[in-house]
Amino acid sequence: MSNEDITLTAGDAEVTVTPGNGGRVGSLKVGGAELLRQGEKFGCFPMTPWCGRIRDGRFLDGATVRQMPLNSPPHAIHGTARDGAWRTARADKREAVITYDLVAPWPHPGRVTQVFTLTEDALTLTMSVETHDSSFPAQIGWHPWFNRTLEGEGVQVGFTPAWQEERGADHLPTGRRVDPLPSPWDDCFGMPEGVDVTLTWPGRLELKVASREEWVVVYDEQEAAVCVEPQTGPPNGLNTHPRLVTPIEPLEASMTWSWRRL
């Protein structure tokens with residue numbers, strides 16, 4: 001096993017997976033066009049064992065209050081797996097499997113597995129968190145940075161969420177659900193029938209982000225990129241919508257990006 005970069009190819013699609021840099025997708029090229037913002041912190045990184053911000057970095061783990069490092073003061077953000085080196089379990093031309101063992105500051109042992117499967121017109125990412133020890137709350141999500149432009153007009157974001165989580169001054173959901181507001185966004189939306197968001201680069205490409213999960217964060221406040229982040233719960237979800245990982249029931253989620261030329 002190693003953590004060297006992995007290249008997947010199918011038709012004119014090419015994906016680079018970077019196990020050594022947080023288990024992220026470092027590049028997605030379709031017909032030679034790079035769809036993901038380039039840079040060590042960008043691409044598309046996994047969010048686990050939590051997604052988005054945890055209020056003050058604290059969450060309730062059974063009867064114990066846990067404190068995570070405040071890497072986005074005053075909160076903790078996006079989990080710990082994106083900061084670690086993952087290992088390649090297996091890889092071929094069109095599929096790769098990589099793993100990461102949870103370590104401190106996360107208080108529980110566990111293993112995260114990601115599977116990347118590429119076809120000529122789609123990339124599917126599946127992630128699972130499992131434990132053979134104590135149970136713990138967790139979340140799964142992905143944080144892609146899609147380039148705003150592909151040498152043309154800026155990308156258009158199309159989706160019809162059922163609600164928007166009202167965002168407080170601290171950037172966390174207040175617990176109230178409101179009618180979806182217009183862009184700009186750094187907000188969490190509910191899509192009970194599953195995440196379904198379409199990114200359109202006029203005259204170039206249409207890409208659909210789909211997941212069975214019902215939560216998606218959309219972030220479009222940066223000039224260079226737009227983020228569409230399917231996840232298993234909202235920000236601060238370890239406190240408000242915890243999903244329990246147990247020795248007999250892992251937490252699993254998947255996301256598919258499918259594209260077509262315009």
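Keep in mind that the numbers below use all heavy atoms, side chains included, and drop hydrogens, waters and symmetry copies.
Annotation for V216 and P230: closest pair CG2-N, 4.0 Å, computed over non-hydrogen atoms. For the residue pair P107 and M68, the shortest heavy atom distance occurs at CD-CE, 3.9 Å. Between A13 and L118, the closest heavy-atom pair is O-CD2, 3.8 Å. Residues G26 and Q38 come closest through the heavy atom pair O-NE2, 3.1 Å. The minimum heavy-atom distance between L244 and P137, with the atom names listed, is CD1-N, 3.7 Å. Of all non-hydrogen atoms in I6 and A91, the two that sit nearest each other are CG2-CB, 3.9 Å.
The closest side-chain heavy-atom distance from H132 to P247 is not below 4.5 Å. R148 places none of its side-chain heavy atoms less than 4.5 Å from the side chain of W201. Contact annotation: the side chain of P105 approaches that of T80 to within less than 4.5 Å [non-hydrogen atoms, C-beta and beyond]. Side-chain contact between H143 and C44 is absent, with no heavy-atom pair separated by less than 4.5 Å. Using a 4.5 Å heavy-atom threshold, the side chains of F116 and L8 count as touching. Side-chain atoms of L102 and V129, non-hydrogen and from C-beta on, do get closer than 4.5 Å to each other. For the pair P19 and R87, the minimum side-chain heavy-atom distance is 4.5 Å or more. Residues V30 and L35 meet the side-chain proximity criterion, which asks for heavy atoms closer than 4.5 Å.
The distance from the CG atom of L36 to the OG atom of S27 is 6.5 Å, given to the nearest 0.5 Å. With values rounded to the nearest 0.5 angstrom, I98 atom CD1 is found 9.0 Å from T113 atom OG1. Note that the OG1 atom of T126 and the CD atom of E95 stand 8.5 Å from one another [nearest 0.5 Å]. Separation of atoms OG1 (T232) and CZ (R243) is listed at 5.0 Å; rounding is to 0.5 Å. Going from atom CZ of R176 over to atom CZ of R167 covers 14.5 Å, rounded to the nearest 0.5 Å. We find the CH2-CG distance between W50 and N239 to be 11.5 Å, quoted to the nearest 0.5 Å.
E249 CD: 12 or fewer foreign heavy atoms inside a 6.0 Å radius. Counting non-hydrogen atoms of other residues, nucleotides and ligands closer than 6.0 Å to CZ of R212 gives a total of 12 or fewer. Atom CD of E151 has 12 or fewer neighbouring heavy atoms from other residues, nucleotides or ligands inside a 6.0 Å radius. Within a 6.0 Å radius of CG in D92, more than 12 heavy atoms belonging to other residues, nucleotides or ligands are found.
T149 places no side-chain N or O within donor-acceptor distance of the main-chain N or O of G152, the cut-off being under 3.5 Å. Looking only at distances, no side-chain donor or acceptor of R58 sits under 3.5 Å from a matching main-chain atom of H75. Counting only distance, with no hydrogens or angles, the side chain of T131 and the backbone of D133 share a donor-acceptor pair below 3.5 Å. Remark: the backbone N or O of C51 is paired with a side-chain donor or acceptor of Q139 at under 3.5 angstrom. Panel note: side chain W86, backbone A81; a donor-acceptor pair is recorded below 3.5 Å. The main-chain N or O of D56 is found under 3.5 Å from a side-chain atom of Q67 such that the two form a donor-acceptor pair. Within the 3.5 Å criterion, the main-chain N or O of I77 finds a donor-acceptor partner in the side chain of N71. Judged purely by atom type and a 3.5 angstrom limit, T18 has no side-chain atom pairing as donor or acceptor with the backbone of G20. Within the 3.5 Å criterion, the main-chain N or O of E213 finds a donor-acceptor partner in the side chain of S211.
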Check residues 252-262 and write down every donor-acceptor pair under 3.5 Å in which the side-chain atom is one partner and the other belongs to a residue at least two apart or another chain.
from: T256; atom 1: OG1; to: T124; atom 2: OG1; distance (Å): 2.9
from: W259; atom 1: NE1; to: E120; atom 2: O; distance (Å): 3.4
from: R260; atom 1: NE; to: E206; atom 2: OE2; distance (Å): 3.0
from: R260; atom 1: NH2; to: E206; atom 2: OE1; distance (Å): 3.4
from: R261; atom 1: NH2; to: D12; atom 2: OD1; distance (Å): 2.7
from: R261; atom 1: NH2; to: D12; atom 2: OD2; distance (Å): 2.4

Cut-off 3.5 Å, no hydrogens considered: what does the side-chain donor-acceptor table look like for residues 156-164, sequence neighbours left out?
from: W163; atom 1: NE1; to: E165; atom 2: OE2; distance (Å): 2.9
from: Q164; atom 1: OE1; to: L181; atom 2: N; distance (Å): 2.8
from: Q164; atom 1: NE2; to: D187; atom 2: OD1; distance (Å): 3.3

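Aromatic ring centres of W106 and Y100: separated by at least 6.0 Å. Between W215 and H241, the distance from one ring center to the other falls under 6.0 angstrom.
With no hydrogens or angles considered, a side-chain donor-acceptor pair links Q222 and R37 at under 3.5 Å. Counting only N and O atoms by type, the side chains of T9 and E14 include no donor and acceptor under 3.5 Å apart. With no hydrogens or angles considered, no side-chain donor-acceptor pair links E4 and T88 at under 3.5 Å.
Taking a 4.5 Å side-chain heavy-atom cut-off between Ile, Leu, Val, Met, Phe, Trp and Tyr, the cluster of W145 extends to F42, F45, M47, Y219. Taking Ile, Leu, Val, Met, Phe, Trp and Tyr as members and joining any whose side-chain heavy atoms lie under 4.5 Å apart, directly or through other members, the hydrophobic cluster of V65 also contains L60.
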Candidate pair L199 and V228, rule side chain to side chain contact (heavy atoms under 4.5 Å, CB included), full reasoning: CA-CA 9 Å; L199 298 174; V228 178; 4.1 Å; yes
V25/L125 under side chain to side chain contact (heavy atoms under 4.5 Å, CB included): CA gap, chis, key distance, verdict: CA-CA 10 Å; V25 178; L125 295 81; 3.9 Å; yes
Criterion side chain to side chain contact (heavy atoms under 4.5 Å, CB included) on V197 and K208, from CA distance to verdict: CA-CA 6 Å; V197 181; K208 182 185 291 288; over 6 Å; no
Pair W142-Q114, side chain to side chain donor-acceptor pair (under 3.5 Å): steps then yes or no: CA-CA 11 Å; W142 290 271; Q114 279 195 97; 3.1 Å; yes
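Under a hydrophobic clustering in which Ile, Leu, Val, Met, Phe, Trp and Tyr are joined whenever their side-chain heavy atoms come within less than 4.5 Å, directly or via other members, L172 and W185 fall into different clusters. Clustering ILVMFWY residues whenever any of their side-chain heavy atoms sit less than 4.5 angstrom apart, transitively, puts V155 in the very cluster that holds L28. Hydrophobic clustering of Ile, Leu, Val, Met, Phe, Trp and Tyr side chains at less than 4.5 Å, counting indirect connections, keeps V217 apart from I54.
In this view, D101 and R111 satisfy the side-chain hydrogen bond (donor to acceptor under 3.5 Å, both in side chains) rule, not counting sequence neighbours. Listed by chain and number, the residues in a side-chain hydrogen bond (donor to acceptor under 3.5 Å, both in side chains) with H171 are D186 (sequence neighbours excluded).
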